[in-house]
Amino acid sequence: MSLKNTAERWGSVSQLLHWTIAVLILAIGTVGLVMGELPRSPKWFWVYTLHKSLGLTVLALVLVRIAWRLYAGACPPVPGTPRWQARLASLTHAAIYGLILAMPLSGWLYDSASGLRPFRWFGLAEVPKLSPPNEALAGAMHSTHELLFWVLLALVAGHAGAALYHHFIRRDATLARMLPRGWIATPTRSPPEDSA
Ligand code: HEM
Ligand code: HEM
């Protein structure tokens with residue numbers, strides 16, 4: 001499999017980054033929602049540290065992904081995709097990129113402005129604060145962090161739904177080309193006539 005993207009398929013680097021980031025975000029979001037319900041006792045602080053450490057890891061991976069995207073480009077829409085769908089997909093992808101950057105940044109700013117004790121990334125290295133304690137900023141970033149997650153989740157639901165629609169209804173290669181060759185069969189039927 002090629003490392004770089006080609007006109008037909010996403011390369012292995014783009015695929016690896018896409019699925020790693022997707023799984024991490026869904027796991028971090030779930031931990032985020034659950035940890036709010038935990039008793040605020042030192043016994044559970046590791047869950048917060050795990051959430052924050054994974055979140056900063058996603059931030060680094062998203063920066064790598066954006067750099068790779070600028071270097072390796074993107075696959076063009078699969079032949080036969082109506083132009084409005086391709087436009088909507090590009091807009092959704094751009095919004096998702098913005099959100100997956102804003103999620104960890106808002107969390108980091110919230111953590112910084114709350115004046116909490118510094119935490120160590122997976123217990124290994126102390127993470128610097130982005131701002132001095134600031135109650136108003138902490139409140140705003142807390143709401144932003146939560147709101148952005150629901151917006152991201154709604155977009156990702158539409159995004160995943162679109163991928164499944166392409167695979168099962170339009171029966172084109174959109175989903176198969178984001179997965180390693182042979183993981184799922186590329187549908188063989190040609191796209192409908194009316195889609196040009
Ligand atoms: C948190 C979860 C997810 C995030 C953040 C995410 C993000 C993205 C982004 C930003 C792109 C655009 C890539 C680019 O143009 O550089 C993309 C492409 C893609 N995603 Fe996701 N995604 C997620 C989950 C999923 C799921 C669950 C599926 C499938 C069920 C999926 C299927 C695809 C496919 C097939 C493409 C390629 C589209 C094309 O070739 O035009 N994604 N994803
Ligand atoms: C992709 C990255 C991230 C995602 C998807 C995410 C998601 C979430 C979600 C869904 C919540 C629950 C919101 C609520 O119900 O109030 C949450 C809470 C929280 N997040 Fe994140 N987060 C991410 C990164 C970060 C980072 C990098 C930090 C800090 C460095 C952070 C710090 C926090 C804190 C402290 C809370 C608890 C808020 C509270 O209840 O007091 N998050 N996060």
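Order of appearance sets the numbers: ligands from 1, and atoms from 1 within every ligand. Bear in mind that the values here come from a model prediction, so they are computed numbers and not experimental data.
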Specify the closest pair of heavy atoms between Ser106 and His145, including all atoms of both residues, with the distance to one decimal.
-> OG-ND1, 3.0 Å
What atoms in ligand 2 come closer than 4.0 Å to a heavy atom of Trp108?
-> 28 (C), 29 (C), 30 (C)
Would Leu54 and Phe122 satisfy side chain to side chain contact (heavy atoms under 4.5 Å, CB included), going step by step from the backbone distance to the final call?
-> CA-CA 8 Å; Leu54 287 173; Phe122 292 111; 3.7 Å; yes
Is the shortest heavy-atom distance from the side chain of Leu88 to the side chain of Gln85 under 4.5 Å?
-> no
Distance-only N or O hit between ligand 2 and Tyr110, under 3.5 Å | yes
At their closest point, which heavy atom of Gly55 faces which heavy atom of Pro104, and how far apart are they?
-> O-CB, 3.5 Å
Check each atom of ligand 2 against the heavy atoms of Gly32 and keep those under 4.0 Å away; list them by number with element.
-> 9 (C), 11 (C), 12 (C), 17 (C)
Please could you name the atoms of ligand 2 that Met35 approaches to less than 4.0 Å, counting only its heavy atoms?
-> 18 (C), 19 (C), 20 (N), 34 (C), 36 (C), 37 (C)
Does the Thr6 side chain pair with the main chain of Ser2, one donor and one acceptor, at a distance under 3.5 Å?
-> no
Given the side-chain rings of Tyr110 and His142, with only the six-membered ring counted for Trp, is the space between their centroids under 6.0 Å?
-> yes
With no hydrogens and no angle check, do the side chains of Thr57 and Trp121 hold a donor and an acceptor under 3.5 Å apart?
-> yes
Verify the cluster assignment for Val34 and Leu24: are they in a single hydrophobic cluster under the rule of side-chain heavy atoms below 4.5 Å apart?
-> no
His145, any N or O under 3.5 Å of ligand 2 N or O | yes
Taking only heavy atoms of Leu56 into account, list the atoms of ligand 2 that are under 4.0 Å away from them.
-> 27 (C)
Does even one non-hydrogen atom of Arg40 get within less than 4.0 Å of ligand 2?
-> yes
With a 4.0 angstrom cut-off on heavy atoms, strictly below it, pick out the residues next to ligand 1 and order them by chain and number.
-> Trp10, His18, Trp19, Ala22, Arg65, Arg69, His93, Ile96, Tyr97, Ile100, Val156, His159, Ala160, Ala163, Thr174, Leu175, Arg177, Met178
Using distance alone, determine whether His51 and ligand 2 share an N or O pair under 3.5 Å.
-> yes
Please check if Ile184 and Leu16 belong to a single hydrophobic cluster, counting links between Ile, Leu, Val, Met, Phe, Trp and Tyr side chain heavy atoms closer than 4.5 Å.
-> no
Exceeds 12 heavy-atom contacts within 6.0 angstrom, atom CZ of Arg120 = yes
